[in-house]
Amino acid sequence: MLKDIVERPSSTSASAPLPQQQPQPRKSTGFPVAVHRSQRGPSAFARARQQQAARQNGDSLELPSQRVVAEGKAVDAVPSISLSTPPSALPSLSAQSSTATPEQGDGSKFSSEAEEVRRAVEADNLRRVEGMTPAEREDEILELEERFGSNIMSFMRKRQQARLSATTSTSAPAESMTAYNSMSADNVNNLSAEAGPSYRSDASPPPSSTQTVEQALGDAQSILRDVDQENRQRVEGMDGLEREQEVEELQERFGTKLMDALRKRAEKRGDKGKEKERADEPAERSPERNGRLIPQASSSTAANAVAIGPKITRSSSKPRSHPEDPSLSDLKAYFPAVPSETSKLAWLRPLTPSQAASQSSATRFDLSGSVLTSTAQANLPSHLGLHHHGTSPDLAGYTISDILHLCRSTVPSQRITMMGVLSKVLAKHRDGQMSKEEGNEIEEAEARKRAVEMGVEVLAGLTRGVGVIEAGIEMLYEALAGPTWTLSFDDDRTFETPQGFRLDEDQDVGITSIPFEDVMPRVTELLSLDDGISPRTVHQLISILQRATLSSPALCETICAAVPTTVKQHVIQRSWPPKSSQMIEENQLGSERSRYPSLDALRLLRDITISSRACAEELLGQGVYETMLRFVVTATWETSEDADMSIICHGQALACVVLDTYAVLGQYGLSASIATASSEIWRLLSTWVQRQSFNGHKNKSTTATGAIMVKRLVRAYFGCLGVWVTCAVDPHRTTPEHDLTWAQVDAMKWQEEAVEFIRNITSNALSPGSREGDGLLIDVEEITAAVDMLVLWANGVTVNGVKNGEQEKTAVLDGLKDSKLSGLVAKVLHEEKGMDEKLERLLAACVGLHDLLKPAGQLLQQDVMDTLRQRYLTYPWDERSPGAYSSRAVTHIRYHLVQLDIRAGPLSSQTSSGVMATATAGASWLPFAFSLFRLFTVGDEPLALDLLDAVLKSDYQSLIQAFTSCTLLHSDGLQLLRPLLQYAILPNVEHIVAPYQPSHLYLKATSTLRSSPPRVNDEKPALPGLPLQADWIFSPLDELLRSGTSAALAQVPPDWQASEVEIVQATLILAVLAYNTPRSGAISISSGLSTTPSSASDGARSGLSNADRSRIILNLMKVHMLEHGQTTSNTANEVEVFRDPLVGDIMKQMMAWVTRPSSLTGDGSSTSALTATVTTGQKTDDGEDYRLMPEAEDEAAVRGSITPSAIPTATTNATTTATAPLEKIAIPFLGTGVPFYQFYADFVALYEAISFSDPLFSQLLLAPLSMGYPADYRRLVWNDHSSVLRGISLNHVPSLNNSSSSSSGSEVEKDERAKNQIPIENGQIGVRAYFKPLETDPQVLSAYARALAQGLVCEQRNPFLYAIAVHHLAGYLWDEDGEEERDSTRVGLLVGILAGAGNDELINKLLEWDLDSHNKNQNMGSSIQTGGTEGGIGGGGQPQARKDERKAMVGRLAGPRGTKRVEHL
């Protein structure tokens, strides 16, 4: 059939046999069924060799007409050729008989072969058609019409009729010629478009008569016209979209090359007329061919040539210019039949100077990732591989755009090279080896982001080349900044998140940008191959997975599927220890060997176990962990002196990771039975550990690395024992239950091992012969691990032992007294080199053990305990913020010291000399307890909850007796707050992070051992949990405000009963304990800043930090806002919360703290703290930076600390960008999504509705009206809610002076302070914050004038508001540098005031107002001057002179009528 092309049989046979039947193609795919080569006959190559041999045996001169049919190369179009031999030389067609045999000549032989081929094809087709069913024939017809068009059947019928008619009038050769010609030219192209280039048409057709040829061509042209007409009609009936879809479908089926060929053929067909005209033109001279003249054909010959096709000649003249690209003219002269693709040949064009100049400024890199200078770009030779066909081929090097483009090359070698170059460029950029401009160019090109994308494509794609895979993984590793990662700890911080780790802020270039769901199948496949990829690539790939385990437990569950395969391939299947004769090749990392068990794979197993309990349970079910115990056994084997230390260190490192992994499982309560099931292994390890305590540090032949690994293994061993002891405390909390019992642990006597180890190693550390430099610092870590294990054992024996384990504790205490442990602690405390974190961890462990063993005796001597209290409970914590200074170990030291004081009671703090310690007198532990809450971090939840219970159970009535006599009516007292405050510390009790110190209470609830990286989202309120917010004490108020959606209120116990008023009462009393407790060098509750030693009644309150003042104001606002949104009235027994007597009394006293300015002692301690903040630029109050007002500058300048010019000038309220205090304090409560202004607007509306001018409500309303806040707040009150101004009858004391008073002050001075009712947020500035800087907002100034003119604010009823309005109006009106235009706001405001009837008193007050009365520092009084009158007629001089000057200004601004208006005043 037409779609099947059959090769002809060999021409050398006497009688051509039938062609080999080809296998039928599958209808689903179109490809033929596979057939063995023995059934297909000779190959095409063999047949071609046979034809060549046959031709060589014939005549030497072979005419073109005698060539074999289908000889030549496949072409896209069938060319027509012209004969160089005259027609007379061709044999006559009539002389050839249809019955000629092969022996009768070449022409007869050709005719016979062509006829036989045609007959063979026809017979094969007939045989196939006869064997088809009618349905199969219909399917075949439909397939032909689909492939070749709907007119194919009519075309085939016409062709068959033409063949039959030609058979009756001509001979067989003529019929063959007709069939050939009917299939030639464009018809052949149309029918063989899908069959591809299999049709061969180089050979000349057999000779035929002109009439037969013309008839065949006429029929073909007629069919072509019909087909072309139908095609045009179909195209004209299509719209643009249908045409595009049709073109796309054709390109998909036949390819772009065939489409280009069809377009060019159409172009040639359009130029056919022009070619005929040029062909008819007489040639000036005969063309030359190989230097010989070729005779011109006659007219009849030319006619015959045209019938066959245009003449192909080669002219010696200059090649014709190419219409598409003149630079391609030479190529087209030699390759006329090849379609031109100018886009692919554009690199042949010469580079224009403009292009070279535009690209010369781009940074170019060599193959090592180094930047090439402009000189190197221009002068480097081309053989270095730095010149390429880019935008600037004359310059050496690759731009970042070139590199990114070539990284997607289809040539593997080129792609590998460019990925390597990109990796090196990113590494140099990360390490800061590039200039800022070069770095900006890389960032603008988004090189990291695109490198991550290409690396992910390699992992998720189908690339099978090992080189491309390794280059892609390395590029991904560098793009993710892999070399800078801190992934694994080989010390006691194994379970912590690496310091400084943060989730990637840019999600496009971070580890979270990798779609692990898509790449993990390929990653698993790569890691499962034995030597499939290089060890370096394995390390990089595992490091990427390790980094991903730090992101989230959910991502760990995705990665978990690859862990068993990785451990099996890279750990379990590798022999250990290696044989002595085994040659092990060192890999590229240098620290491991390529055939050793992989430490990276074991660390991945450990890290994924740390990050997710679900992964640990899944891997435990697959039996991954049990196969690793052999590494623990081999680590204890004796080694010879000539043993390879690298092998020993590697084995000990493997054992450390295995022990860490089992310790992690134990903190989940999993696999605790391994302690008893493999007891022989632990016995061997215990013996080895005890041996190391004797001579491990005295072996001078041991390398430094070997000694460190030995000590690390010892610490890991004691860490495992401590976790298993914790699991045995309560067997019902392990999984499965009773996996390990206390009786089993007690029988193993692990506590005796620890005591013996401590005794041996402390003897070595403190012995006179101990080596200097490594005796204390290195041994301390091992002692710390043993003491930590004893702390966990003491907790367990307290629960399970008789009488809280007194007998067992006494035995341990007696053993430790002989160990010189107390002497070691004393030596650590007096360490001259300073205290580091390792020593602090030892102190924390020893103090904790001392606390637990206290009922049985005293572990540490009393002088050591006094030194500890003096250092850690009276240390000036104000020098550093809590997070910066207090490490976890220091926090634990302070916690245990406070717990000792809590258990000792007020009379048990006598020192060895009988003198009461200042830090522990009475209930002085309470301020330190409140301070510790801010120091606890994730993992310290058990300590925080225990300390919270101690605080809530304290005798609060005796502590606040001097403050208030009111008592909580609730029977539980402060303990009714426990559910709400526990939620603030530990919000989720089902899925928690394992505590830093293992606890049996948290085993089943532990979901991960690694705290999530901090996610800061200021748009929403702060999440509960450690570390606590600064105002965590007021968190119950937040839950009440969100009572409808509060999770804390939803999970309270069923028997918990408390009203809203009772919760508020308890919260405020707890706040009183926090802020009003007597302190002596203690720290501030919220910020950790020390206060001035003072009395209980006044010092602690006046020593509030600025942030504490703002927090008190905000939370008192919350109490009033509890009534916001209430739609029902209270019953007779209920009152509004802020009107409750106890609530009101407490809030009034707390507001009294806020209205008092900071105390200034004789030595200027407060001022020194202020100036220190200014000079050093250090932020205080948890990093909150409050902008200093000019008064503070003046005060500091008078003290001689700084000069006023050293402080930036305060900006006006209209242009300030600094966050106002309450706006910043409210962010944890509201989030940035709800501005504080909205909260304040609701507060003002509530005040207007229900306050009835309540004084405390009015005081809270004033705070945001100071000049440190935007003018919107003042517009809201003075303009939008001006009706509330009448009820704000508060007073202030302009002459308040604390400079000469002591901390206690006289009774008169205390009364003066009590008269001030204005809340002060900045204790150093005082009330002056409401007057400076002067108001400049026109709307607020107009509101001031309107309120004064309408009587909304008057001096007798509203003295403070009156002073604010008059002060700012006077400062604005009497400013000499102000506006004086008639249409200015200033003149209009003055005219309006002058025009008002009955404003004489106001005008007179403005004329007489002394601006300097409020320019003085409200704390320092009149003894400190501001050094000027603020640029206007503000103060100074005689009052009458000042008034006359202002009257003159009125005349200048308001004209004669203004002068007349004020002349009588």
Is any side-chain heavy atom of [X] less than 4.5 Å from a side-chain heavy atom of [Y]?
{"X": "F1360", "Y": "L1262", "value": "yes"}
{"X": "S611", "Y": "P553", "value": "no"}
{"X": "P1221", "Y": "Y1269", "value": "yes"}
{"X": "K1004", "Y": "Y668", "value": "no"}

Specify the closest pair of heavy atoms between N1316 and T1155, including all atoms of both residues, with the distance to one decimal. ND2-O, 2.7 Å

Approximate separation, where rounding is to 0.5 Å, of L981 CG and W1032 CH2: 6.0 Å

In this structure, CH2 of W925 is separated from CZ of F930 (nearest 0.5 Å) by 8.0 Å

Test log, rule side chain to side chain donor-acceptor pair (under 3.5 Å), inputs S1035 and D1038: CA-CA 5 Å; S1035 60; D1038 300 344; over 6 Å; no

Evaluate the criterion side chain to side chain donor-acceptor pair (under 3.5 Å) for residue pair N1106 and E1321; output intermediate values, then yes/no. CA-CA 6 Å; N1106 294 338; E1321 288 192 88; over 6 Å; no

Is it true that a side-chain atom of [X] and a backbone atom of [Y] form a donor plus acceptor pair closer than 3.5 Å?
{"X": "N1115", "Y": "R1111", "value": "yes"}
{"X": "R894", "Y": "L932", "value": "no"}
{"X": "S954", "Y": "V951", "value": "yes"}
{"X": "N1358", "Y": "L1285", "value": "yes"}
{"X": "T1006", "Y": "T1008", "value": "no"}

Applying the side-chain contact (heavy atoms from CB on, under 4.5 Å) test to T1067, which of L1037, V1072, L976, V1143 qualifies? L1037

Can you sort out the partners of Y1247 under ring pair (Phe, Tyr, Trp, His ring centres under 6.0 Å), two or more places apart, ordered by chain and number? F1257

Is a side-chain donor-acceptor pair under 3.5 Å present for E1223 with Y1273? yes

Salt bridge check, R978 against D949: does any charged N sit closer than 4.0 Å to a carboxylate O? yes

Salt bridge flag under 4.0 Å for residues D940 and R888: yes

So, using side chain to side chain contact (heavy atoms under 4.5 Å, CB included) as the criterion, who are the partners of T558 when residues are at least two apart? F516, E517, M520

F1229-F1034 aromatic ring centre distance below 6.0 Å: no

